Amino acid sequence: MQAFTEKALQTIKSIPSGKVMTYGQIAACSGSPRGARQVARLLHSMSGKHQLPWHRVVNSQGQIVIRDEEARYAQQAFLEGEGVEVDRRGKIDLKRYQFNPSETL
């Protein structure tokens, strides 16, 4: 497994319940600031195998962007179950809910 992949998986697993991170933020924390799409591919292909909290990852505007309607509703339900407020447009207040791993060091 490549170093970026290992670091990205570790970063995703570190997102606590009730918090979210963006694809780009995870990429930057993993050493590839322009690797947001790669993070999306990792989530798509490795979430089940590595028990990743995929639902805690949103886009840079704090929006749920999964195209599949059923998965989008599942993501919203999981987040709301953890206390994250999601508005009717599927948007989350990043100022309130965004996790910043560097603040926990």
Side-chain angles (χ1 to χ4, degrees):
M1 193 177 302
Q2 292 187 3
F4 172 81
T5 301
E6 287 182 29
K7 182 66 176 164
L9 293 176
Q10 180 182 39
T11 301
I12 294 164
K13 287 180 180 181
S14 76
I15 306 169
S17 178
K19 294 291 184 179
V20 298
M21 286 182 79
T22 68
Y23 296 97
Q25 181 187 11
I26 293 165
C29 288
S30 303
S32 182
R34 298 178 55 89
R37 287 184 186 202
Q38 190 172 353
V39 171
R41 284 191 290 276
L42 289 174
L43 283 168
H44 179 73
S45 63
M46 297 186 164
S47 287
K49 180 179 179 182
H50 294 277
Q51 292 86 43
L52 300 176
W54 61 270
H55 61 283
R56 296 181 186 147
V57 183
V58 296
N59 77 3
S60 61
Q61 287 79 46
Q63 293 178 304
I64 294 173
V65 292
I66 296 175
R67 290 188 183 129
D68 178 75
E69 191 173 335
E70 188 174 324
R72 188 172 55 249
Y73 286 129
Q75 183 175 11
Q76 182 170 340
F78 290 148
L79 288 170
E80 288 174 341
E82 294 179 354
V84 176
E85 293 178 20
V86 181
D87 72 16
R88 59 182 169 80
R89 296 171 295 150
K91 192 166 183 179
I92 295 149
D93 181 357
L94 290 178
K95 289 181 179 140
R96 184 172 178 191
Y97 295 107
Q98 189 169 25
F99 175 61
N100 187 344
S102 65
E103 291 177 1
T104 61
L105 298 176

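Only this structure's heavy atoms are used, side chains among them; waters, hydrogens and symmetry mates stay out. Note that the structure is a prediction, hence the values are computed from the model and not measured.
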Side-chain heavy-atom pair [X], [Y] within 4.5 angstrom cut-off:
X     : Y     : value
Tyr97 : Val86 : no
Thr22 : Leu94 : yes
Ile12 : His50 : no

- Task: Enumerate the residue pairs fulfilling ring-ring contact (aromatic ring centres under 6.0 Å, His included) with a member in residues 19-47, sequence neighbours excluded, ordered by first and then second residue.
- Result: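 For residues 19-47: none.
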- Task: Please list all pairs passing the side chain to side chain donor-acceptor pair (under 3.5 Å) test where one or both residues lie in residues 24-38, with sequence neighbours left out.
- Result: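 Every pair satisfying side chain to side chain donor-acceptor pair (under 3.5 Å) with a residue in residues 24-38: Gln25-Gln98.
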- Query: Distance from Leu9 atom CG to Ser47 atom OG, nearest 0.5 Å?
  - Reply: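 Result: 9.0 Å between the selected atoms.
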- Out of curiosity, Leu52 CG to Leu42 CG, how far, rounded to the nearest 0.5 Å?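 One gets 8.5 Å once the value is rounded to the nearest 0.5 Å.
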Contacts of type side-chain hydrogen bond (donor to acceptor under 3.5 Å, both in side chains), residue [X], not counting sequence neighbours:
X     : result
Arg96 : Glu85
Arg67 : none
Asp93 : none

- Query: Got a sec, which residues hit side chain to side chain contact (heavy atoms under 4.5 Å, CB included) with Glu69, two or more places apart in sequence or on another chain?
  - Reply: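 Glu69: side chain to side chain contact (heavy atoms under 4.5 Å, CB included) contacts with Arg72, Tyr73.
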Are [X] and [Y] connected, step by step, through hydrophobic side chains (Ile, Leu, Val, Met, Phe, Trp, Tyr) whose heavy atoms are closer than 4.5 Å?
X     : Y     : value
Val39 : Ile15 : yes
Val84 : Val58 : yes
Phe99 : Ile64 : no

- Closest non-hydrogen atom pair between Ile66 and Ala71, with its separation: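 Looks like CG2-CB, 3.6 Å.
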- Lys7 to Cys29 - nearest heavy-atom pair and separation: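 Answer, listing the atom of Lys7 first, then Cys29: CE-O, 3.3 Å.
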- Task: Can you tell me which residue pairs pass the salt bridge (Lys or Arg N to Asp or Glu O under 4.0 Å) test with a partner in residues 10-29, sequence neighbours excluded?
- Result: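 For residues 10-29: none.
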Indicate every side-chain donor-acceptor pair of residues 74-83 with a distance under 3.5 Å to a residue at least two apart or in another chain.
unit_1: Gln75; atom_1: NE2; unit_2: His55; atom_2: O; d: 3.0
unit_1: Gln75; atom_1: NE2; unit_2: Val57; atom_2: O; d: 2.9
unit_1: Gln76; atom_1: NE2; unit_2: Glu80; atom_2: OE2; d: 3.1
unit_1: Glu82; atom_1: OE1; unit_2: Gly18; atom_2: N; d: 3.1
unit_1: Glu82; atom_1: OE1; unit_2: Arg56; atom_2: NE; d: 3.0
unit_1: Glu82; atom_1: OE2; unit_2: His55; atom_2: NE2; d: 2.9
unit_1: Glu82; atom_1: OE2; unit_2: Arg56; atom_2: NE; d: 3.2
unit_1: Glu82; atom_1: OE2; unit_2: Arg56; atom_2: NH2; d: 2.7

